[in-house]
Amino acid sequence: MKTKRLLLGIAISTLLLANCSKENNNIDDCTGCSLVSYNTIEEFFEENGVPTQDFSVDGANGGSITGDQGTIITFQPNSFLDQNGTVVTGNVDIKIKEIFSASDMVLSNRPTNAVNPGGENTFLLSEGETEILVEQNGAPLNLAPGKSIRIRVPSSGGADPAMGAFLGTVDADDNIVWNQFFNTEVIFQSAPDSYLYDVFDMGWTNCDKFYSYPGAKTTNYVDLTSSPNADEARVFIIFKENNLPAVVSFTQTYSDGVQSYVNSLPVGLEVTYVGLTIKDNQQYMATKTVTIQNDEYLNLEFSPVSTDEIKDALELLN
């Protein structure tokens, strides 16, 4: 595993250095890069996150839709209410997003940060994130009381009794945190391998399990004082277990940068750090593959990059 991680780190570094100089953050030294139209990290996520997929079903009859990556979503008859609480008939517009890979979690800013039933900050291994929104004539609809939406996501990890269903809460800064809900049963089915579960509201849901680690845990810190633009920087760690991705965003700050949740990172776990930021319409990226150490302080070296280079580097981490 260590050799694989080392080779992966070398491959990513080679990719990022192919056109860009790490000694100078000037756009003139980045022949393969280009300025972008946006200038905030939130706009980067909006521009490069997974696209919305559009469908239509009859509100009175319900029906099923299938996303591009294989998610099957089934709506019961007479499931939708308008803002006045009236059951909706006629066609309704369904908008969904599917996220299965670590790269899409980063590009969409939808990591697997979570809170466990004991109230502790932690993270998840994901079988797939799904967003569902329903509208009619541009007005948002609500799910009627007693109705549910069934979601079936393809499975990469196989049957696991620890899998659960989670709801995502997005804050004002577009950071998401997942909380498990227990009023549904998560069912594994084979041929093809998939998980089924019901949800009772619109928005983001996730089929996941809590990452379990019996050893010591610690806090890590990332110093952003030398980054091109610390105010717009986002830092993630990425790893996989049993083909399932975990992406953890460092959303807490300290005097010189950002940090993990306190005592949440497993000591000895091999991960890849990914940093993204933007300044004067130029994007920057940093990656670093490490084995987590006790109370470690890390520095990330940012290079100017194109959007394609960011996506190519993240693809190697899937």
Side-chain angles (χ1 to χ4, degrees), residues 12-54 67-69 93 95-111 113 129-131 133 135 138 140 168 170-176 203-204 222 224-236 238 247 249-251 253 257-258 272-288 300-318:
I12 294 173
S13 297
T14 302
L15 177 64
L16 295 181
L17 288 173
N19 295 316
C20 302
S21 168
K22 291 172 69 177
E23 303 301 323
N24 193 320
N25 283 333
N26 192 300
I27 183 63
D28 295 333
D29 294 315
C30 188
T31 57
C33 301
S34 59
L35 296 178
V36 292
S37 61
Y38 44 86
N39 201 36
T40 68
I41 197 68
E42 287 81 9
E43 291 173 299
F44 167 84
F45 294 133
E46 291 174 6
E47 184 73 19
N48 297 291
V50 295
T52 298
Q53 302 173 46
D54 296 308
D68 293 340
Q69 297 192 57
D93 300 315
K95 300 178 181 295
I96 73 165
K97 292 181 179 180
E98 302 172 278
I99 298 179
F100 289 92
S101 66
S103 59
D104 281 343
M105 290 176 187
V106 172
L107 291 170
S108 305
N109 195 30
R110 290 296 177 263
N113 297 45
E129 304 173 354
T130 309
E131 183 186 39
L133 299 174
E135 301 176 349
V170 180
D171 66 17
D173 295 321
D174 199 39
N175 296 313
I176 196 166
W204 282 99
V222 177
L224 294 175
T225 55
S226 61
S227 71
N229 188 354
D231 290 338
E232 293 296 328
R234 296 293 184 273
V235 174
F236 305 86
I238 299 173
V247 176
S249 177
F250 280 27
T251 57
T253 60
V258 294
T272 298
Y273 277 84
V274 173
L276 297 169
T277 192
I278 187 168
K279 182 180 180 181
D280 298 330
N281 302 99
Q282 172 59 53
Q283 300 167 140
Y284 298 84
M285 185 178 193
T287 65
K288 190 171 187 176
L300 299 179
E301 297 183 49
F302 286 83
S303 300
V305 287
S306 67
T307 301
D308 285 343
E309 285 175 311
I310 293 173
K311 292 181 177 180
D312 288 345
L314 290 174
E315 187 74 23
L316 293 175
L317 297 172
N318 286 340

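Atom set for the values below is all heavy atoms of this structure, side chains included, hydrogens, waters and symmetry mates excluded.
Here the closest non-hydrogen pair linking V50 and S108 is N-OG, 2.9 Å. Taking every heavy atom of both residues into account, P228 and T277 meet most closely at CD-CG2, 4.0 Å. Shown here for L300 and K288, the closest heavy-atom pair between the two residues is CD2-CB, 3.9 Å. Taking both residues in full, the closest heavy atoms of I278 and N229 are given as O-ND2, 3.0 Å, listed atom of the first, atom of the second, then distance. Closest heavy-atom contact between Q53 and G67: OE1-CA, 3.4 Å. Taking both residues in full, the closest heavy atoms of L276 and F302 are given as N-CE2, 3.8 Å, listed atom of the first, atom of the second, then distance.
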- For the pair V235 and L224, evaluate side-chain contact (heavy atoms from CB on, under 4.5 Å) and give the outcome as yes or no after the intermediate values. CA-CA 10 Å; V235 174; L224 294 175; 4.2 Å; yes
- Step by step, work out the side-chain contact (heavy atoms from CB on, under 4.5 Å) result for T251 and V258. CA-CA 7 Å; T251 57; V258 294; over 6 Å; no
- Item | Test salt bridge (Lys or Arg N to Asp or Glu O under 4.0 Å) applied to R110 and D174, step by step | CA-CA 9 Å; R110 290 296 177 263; D174 199 39; 3.0 Å; yes
- N109 and F236: side-chain contact (heavy atoms from CB on, under 4.5 Å), yes or no, with the steps? CA-CA 10 Å; N109 195 30; F236 305 86; 3.7 Å; yes
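Residues Q283 and E232 are not in side-chain contact: their nearest non-hydrogen atoms beyond the backbone lie 4.5 Å or more apart. Between L107 and I310 the shortest side-chain heavy-atom distance falls below 4.5 Å. Under the 4.5 Å side-chain criterion, counting only non-hydrogen atoms from C-beta, S37 is not in contact with N281.
A side-chain donor from one of S103 and S101 sits under 3.5 Å from a side-chain acceptor of the other.
Listed for the D171 side chain is a donor-acceptor partner under 3.5 Å among the backbone atoms of D173. Side-chain atoms of D54 never come within 3.5 Å of backbone atoms of K95 as a donor-acceptor pair (strictly under, hydrogens ignored). Side chain of E47 to main chain of Y38: no donor-acceptor pair is present (N/O by atom type, distance under 3.5 Å, no hydrogens or angles). Distance alone, capped at 3.5 Å, is enough to place a donor-acceptor pair between the E43 side chain and the N39 backbone. A distance-only check finds no donor-acceptor pair linking the side chain of E301 to the backbone of S227 [under 3.5 Å].
The side chain to side chain contact (heavy atoms under 4.5 Å, CB included) test applied to Q69 returns E98, F100, D104, not counting sequence neighbours. Looking at residues two or more places apart in sequence or on another chain, you find a side chain to side chain contact (heavy atoms under 4.5 Å, CB included) between A102 and I238, P245, V247, N318.
Here the straight-line distance linking atom CG of L317 with atom CE of M105 works out to 12.5 Å at 0.5 Å rounding. T272 OG1 to L314 CG: the interatomic distance, rounded to the nearest 0.5 Å, is 10.5 Å. With rounding to the nearest 0.5 angstrom, the CZ atom of F250 is 9.5 Å from the CG atom of N113.
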